[in-house]
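Here is the naming used below: chain letters follow the sequence lines, and residue numbers restart at 1 for every chain.
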Protein chains: 2
Amino acid sequence: MSRRSGVLEFAVLGLLRESPMHGYELRKRLNTSLGVFRAFSYGTLYPCLKTLVAQGWLTEESASQEPLSAAPLGGRRAKIVYRLTPAGKEHFEDLLAQSGPDAWEDEQFGVRFAFFGHTEREVRMRVLEGRRSRLEERLERMRASLARTRERLDDYTLELQRHGMESVEREVRWLNELIETERTGRGRAADRDAAGPAREGTDPHSTTT
Amino acid sequence: MSRRSGVLEFAVLGLLRESPMHGYELRKRLNTSLGVFRAFSYGTLYPCLKTLVAQGWLTEESASQEPLSAAPLGGRRAKIVYRLTPAGKEHFEDLLAQSGPDAWEDEQFGVRFAFFGHTEREVRMRVLEGRRSRLEERLERMRASLARTRERLDDYTLELQRHGMESVEREVRWLNELIETERTGRGRAADRDAAGPAREGTDPHSTTT
DNA sequence: GTTTTCATGTAACCCGTTACATGATTCA
DNA sequence: TGAATCATGTAACGGGTTACATGAAAAC
């Protein structure tokens with residue numbers, strides 16, 4: 001009974017919710033489709049899958065050729081397809097519903113957001129607003145610490161600090177937009193691409209390379 | 001001979017370079033003064049300090065009252081002040097000078113930047129440019145993966161991806177400015193606050209709270 | 001004189017990676 | 001048929017936190 005990794009468990013259940021998959025494919029989806037997630041290694045993924053099976057959230061089905069029964073004698077490892085059980089699905093819904101203080105942390109927030117499509121609006125609001133206030137606290141602390149030490153810092157340290165704060169401020173503004181969109185109900189956070197209203201002069205895709 | 005933690009070691013040597021300190025204070029500086037660094041716990045910091053002493057980069061001096069010699073009999077733990085040795089200082093310079101592939105990674109880059117004040121311009125350029133190309137690779141991958149999967153993704157996932165890319169793009173632009181400033185020699189990355197030239201329409205400090 | 005805050009330390013654990021080992025499938 | 005890629009697994013280690021234990025100094 002090891003490996004109870006919050007994010008990974010969450011992400012795996014969420015991805016498997018769409019369709020059954022085997023580990024190898026699952027990992028690729030983790031690294032690409034859900035953009036945010038970092039690259040988990042097989043050394044993390046496979047043991048995790050095993051424990052999820054042990055808990056009853058997943059079932060493993062031998063795929064490929066042998067129809068499930070004759071395969072596991074002698075050697076013959078076959079492709080293992082993981083499928084979400086009803087219990088697993090229920091567990092995932094639970095995870096989505098509970099928006100405890102952890103849910104505002106960087107990674108947790110990322111996964112949760114990625115699955116907003118399956119989340120009730122009320123919970124989405126809680127998560128977004130919780131995240132925002134978390135970031136605002138962080139800003140407060142940064143500002144305070146900066147005010148205290150400003151004089152003693154060299155230009156580079158200062159610039160780093162300034163850039164950091166600006167990034168957080170940008171994320172807060174982003175959240176504000178999302179919350180507003182969510183509140184007024186229109187567009188599902190989309191309506192960009194096509195001359196989006198409510199977007200100030202931002203020019204995406206211009207790396208100035 | 002345990003705990004050889006890249007960033008922490010780097011940061012400790014760098015901070016101690018300014019003035020001797022004891023662990024407790026060191027930790028506070030780590031969390032605040034150098035804004036970027038995350039909050040290392042004592043469980044990480046103290047063992048690390050011990051190994052740095054063992055390598056000869058630091059010396060520990062008993063501070064407070066007892067003048068160093070009579071203290072460590074029986075109990076009587078006193079405040080321990082850590083001081084950078086000449087060898088330690090030399091090692092720190094070495095670390096600054098070498099800008100290997102690790103130096104472009106998120107955390108490594110952060111520490112290195114924080115100590116740019118002690119770094120030669122040539123090395124600063126290598127680090128900044130290396131970081132930029134690292135980020136551009138990342139962007140490339142994100143764009144590719146997005147192009148491949150765009151259709152199958154729901155609006156929220158898409159929005160997350162878009163926001164992620166925009167953040168990276170912003171950092172690239174930031175690096176471009178820094179590199180330009182570095183190249184032309186003027187201002188040491190400062191000349192903001194006062195109607196900075198070379199800054200496009202960015203409006204800092206407006207959280208829209 | 002007792003509560004806070006400062007200050008140091010350690011052992012147990014957690015989450016994850018690396019390096020390695022193995023085998024099946026595809027494709028030139 | 002042999003190389004590349006797909007696919008699964010594990011043992012050893014790495015870097016960090018938590019919880020705990022201890023004690024000195026300051027503040028009330």
Side-chain angles (χ1 to χ4, degrees), chain A residues 1-12 20-32 37-54 58 60-66 70-82 102 105-108 111, chain B residues 1-12 20-32 37-54 58 60-66 70-82 102 105-108 111:
Chain A
M1 296 277 169
S2 47
R3 299 295 128 96
R4 191 80 47 86
S5 155
V7 263
L8 182 52
E9 176 181 321
F10 204 150
V12 165
M21 264 180 287
H22 55 268
Y24 193 87
E25 193 183 346
L26 207 40
R27 187 195 178 226
K28 276 194 302 190
R29 302 281 311 265
L30 240 29
N31 302 332
T32 61
F37 304 154
R38 64 177 182 296
F40 288 97
S41 65
Y42 298 120
T44 312
L45 180 58
Y46 285 118
C48 170
L49 285 170
K50 292 300 177 190
T51 75
L52 291 182
V53 169
L58 306 182
E60 26 181 45
E61 308 165 15
S62 159
S64 225
Q65 52 227 135
E66 314 296 318
L73 51 83
R76 302 303 302 280
R77 245 181 331 180
K79 222 158 56 160
I80 298 175
V81 173
Y82 291 94
D102 283 353
E105 292 313 326
D106 296 327
E107 274 208 319
Q108 275 281 338
V111 222
Chain B
M1 300 278 169
S2 47
R3 299 295 127 98
R4 192 78 47 87
S5 157
V7 262
L8 183 52
E9 175 181 322
F10 205 149
V12 165
M21 264 180 286
H22 54 269
Y24 193 87
E25 193 184 346
L26 207 40
R27 188 196 179 226
K28 278 194 302 189
R29 303 281 311 266
L30 241 28
N31 302 333
T32 61
F37 303 154
R38 64 177 181 297
F40 288 98
S41 66
Y42 298 120
T44 312
L45 179 57
Y46 285 117
C48 170
L49 285 171
K50 291 300 176 190
T51 74
L52 292 183
V53 169
L58 307 182
E60 27 181 45
E61 309 165 14
S62 159
S64 226
Q65 51 227 135
E66 312 299 318
L73 51 84
R76 304 303 304 281
R77 246 182 330 177
K79 222 157 61 159
I80 297 174
V81 173
Y82 291 93
D102 283 353
E105 292 313 326
D106 296 327
E107 274 209 320
Q108 274 281 339
V111 222

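Across the protein-nucleic acid pair, A:K28 atom NZ and D:dA7 atom P stand 6 Å apart, rounded to whole Å. With rounding to whole Å, B:M21 atom CE is found 16 Å from C:dC6 atom C1'.
Of the listed nucleotides (C:dT10, D:dA7, D:dG9), D:dG9 has the atom at the smallest distance from the side chain of A:K50. Relative to the side chain of B:S41, the nucleotides C:dG9, D:dT17, D:dG9 differ in distance, and D:dT17 lies closest. Side-chain proximity of B:V7 to C:dA7, D:dT10, D:dG16: nearest is D:dG16. Each of D:dG16, D:dA7, C:dT17 was ranked by its minimum atom distance to the side chain of A:H22; first place goes to D:dA7. Distance from the side chain of A:Y46 is smallest to D:dT8 among D:dT8, D:dG16, C:dT17. Relative to the side chain of A:K79, the nucleotides D:dA7, C:dT10, D:dG9 differ in distance, and D:dA7 lies closest. Checking D:dT10, D:dG9, D:dT17 against every side-chain atom of B:F40, the shortest atom distance belongs to D:dT17. Set against D:dT17, C:dT10, C:dG9, the side chain of B:I80 has C:dG9 as its closest nucleotide.
Contact check, B:T44 against D:dG15: no side-chain N or O comes under 4.0 Å of OP1 or OP2.
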Using a cutoff of under 3.5 Å, can you pull out all pairs of nitrogen or oxygen atoms linking the protein to nucleotides 3-5 of chain C, with atom names and distances?
none

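Atom-to-atom distance recorded for B:L49:CG and B:H22:NE2 is 11.5 Å, nearest 0.5 angstrom.
Two end axes, each from the C1' atoms of five base pairs, can be drawn for the helix from C:dG1-D:dC28 to C:dA28-D:dT1; they diverge by 20°, to 10 degrees.
Looking at every heavy atom in both residues, A:L30 comes nearest to A:A11 through CD1-CB, 3.8 Å.
With sequence neighbours excluded, no residue satisfies salt bridge (charged side-chain N to carboxylate O under 4.0 Å, His left out) with A:K28. Among residues two or more places apart in sequence or in another chain, the ring-ring contact (aromatic ring centres under 6.0 Å, His included) test is passed with B:Y42 by B:Y24, B:Y46.
In this structure, the side chain of B:R27 engages the main chain of B:F40 through a donor-acceptor pair within 3.5 Å.
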